[in-house]
Amino acid sequence: MTQKKEALLEILQLQPVMPVVAVSSAREGVDLARALAAGGLPAIEVTLRTPAALDAIRAICAEVPEAVCGAGTILTPRQFEAAGEAGARFIVSPGTTHEVLDAAKTSDVPLLPGAATPSELMAMIEEGYEILKFFPAEQLGGIPYLKALAPVFQGIRFCPTGGVSTGNVRDYLALPNVVCVGGSWVAPKDRIEAGDFTAVTQLAREARALRAG
């Protein structure tokens, strides 16, 4: 667990913003990963929300060595296994089940599990997890909620995702219990559909430049 935790933390600390993307094809995933990495965001979470997701992860891992490709929206052990087989370097789940945790225990791929309530956080601590996804961040209480959790759960750090935007990202990153944020604004659907990956690279550069405070 310690080795996987260190590997996950190393990935999350690569950049202040983790792009969370859904792709329509493997080629789109490759082009997107290259554009994001060129802008300084090498780590990318490809969500399993489209039929092309696993093929995209395979292609990114094979064709974009500068990228660190993970898989998100993992809901079942089978999805966990499939993402690992596709080459995902890390796994992200919006919540947590015992079955997904069991899959993580038998895999070398680190898991960023989702948790939000005090009871869920206590359960994750018992399982040895200290870095968690907080989703959907804004709808669950956002910055005030994370501030309230900090004094009680002093060893926990979060990657808030869901509702994080250019309007509030600096406030999230200023929180001591936030290691990075997940965001989709760095890869707008309209720019991707237009093939304007230069714009994506510029958005990635702007996100890369974000600093807490």
(message) When you compare the side chain of P188 with that of L203, does any pair of heavy atoms fall below 4.5 Å?
(response) yes
(request) Supply the atom-to-atom distance C159 SG to I11 CD1, rounded to the nearest 0.5 angstrom. (result) 12.0 Å
(request) Check whether any side-chain heavy atom of P113 sits under 4.5 Å from a side-chain heavy atom of S93, and report yes or no. (result) yes
(message) With a 4.5 Å cut-off on side-chain heavy-atom distances among I, L, V, M, F, W and Y, is there a chain of contacts connecting V20 to L210?
(response) no
(message) Just so I know, are the side chains of F134 and V178 near enough to count as touching, which here means a heavy-atom distance under 4.5 Å?
(response) no
(message) Using the side chain to side chain donor-acceptor pair (under 3.5 Å) criterion, which residues pair with D55? Sequence neighbours excluded.
(response) R58
(request) Find out if a path of hydrophobic residues (ILVMFWY) with successive side-chain heavy-atom gaps under 4.5 Å connects V179 to L121. (result) no
All N/O donor-acceptor pairs, side-chain side in residues 78-90, below 3.5 Å, sequence neighbours left out:
residue: Q79; atom: OE1; partner: L75; partner atom: N; Å: 2.6
residue: Q79; atom: OE1; partner: T76; partner atom: N; Å: 3.4

Between side-chain atoms of residues 30-53 and protein atoms elsewhere (two or more places apart, or another chain), which donor-acceptor pairs fall under 3.5 Å?
residue: R34; atom: NH2; partner: E63; partner atom: O; Å: 3.3
residue: T47; atom: OG1; partner: V21; partner atom: O; Å: 3.0
residue: R49; atom: NE; partner: T73; partner atom: OG1; Å: 3.1
residue: T50; atom: OG1; partner: V23; partner atom: O; Å: 2.6

(message) For E99, give me all partners under side chain to side chain donor-acceptor pair (under 3.5 Å), at least two apart in sequence or on another chain.
(response) none
(message) When you compare the side chain of L8 with that of K4, does any pair of heavy atoms fall below 4.5 Å?
(response) no
(message) Any side-chain to backbone donor/acceptor pair from T106 onto A103? Under 3.5 Å, distance only.
(response) yes
(message) Can you confirm whether D190 is buried at CG, in the sense that more than 12 heavy atoms of other residues, nucleotides or ligands lie under 6.0 Å from that atom?
(response) yes
(request) Could you check if a side-chain atom of I74 sits within less than 4.5 angstrom of a side-chain atom of V92, using non-hydrogen atoms only? (result) no
(request) List for me each residue that meets side-chain contact (heavy atoms from CB on, under 4.5 Å) alongside S24, sequence neighbours excluded, and say none if there are none. (result) E28
(request) Taking the side chain as every heavy atom from C-beta outward, state whether L112 and L12 have any pair of such atoms under 4.5 Å apart. (result) yes
(message) Applying salt bridge (Lys or Arg N to Asp or Glu O under 4.0 Å), can you list everything that pairs with E130, at least two apart in sequence or on another chain?
(response) K5
(message) Among residues at least two apart in sequence or on other chains, which ones pass salt bridge (Lys or Arg N to Asp or Glu O under 4.0 Å) with D171?
(response) none
(message) Among residues at least two apart in sequence or on other chains, which ones pass side-chain contact (heavy atoms from CB on, under 4.5 Å) with T117?
(response) S119, E120
(request) Please list, chain by chain and in numerical order, all residues satisfying side-chain contact (heavy atoms from CB on, under 4.5 Å) with A199, sequence neighbours excluded. (result) R191, D196
Side-chain donor-acceptor contacts of residues 138-147 below 3.5 Å, not counting sequence neighbours, with atom names and distances?
residue: E138; atom: OE2; partner: Y172; partner atom: OH; Å: 2.5
residue: Y145; atom: OH; partner: A116; partner atom: O; Å: 2.9

Quiz: residues 148-158 side-chain donor-acceptor pairs under 3.5 angstrom, not counting sequence neighbours:
residue: Q154; atom: NE2; partner: P151; partner atom: O; Å: 2.9

(request) Flag yes if F135 and V164 sit in one hydrophobic cluster, no otherwise; membership is Ile, Leu, Val, Met, Phe, Trp, Tyr, and two members link when side-chain heavy atoms are under 4.5 Å apart. (result) no
(message) Listing request: all side chain to side chain donor-acceptor pair (under 3.5 Å) pairs with a residue in residues 8-17, at least two apart in sequence or in separate chains.
(response) none
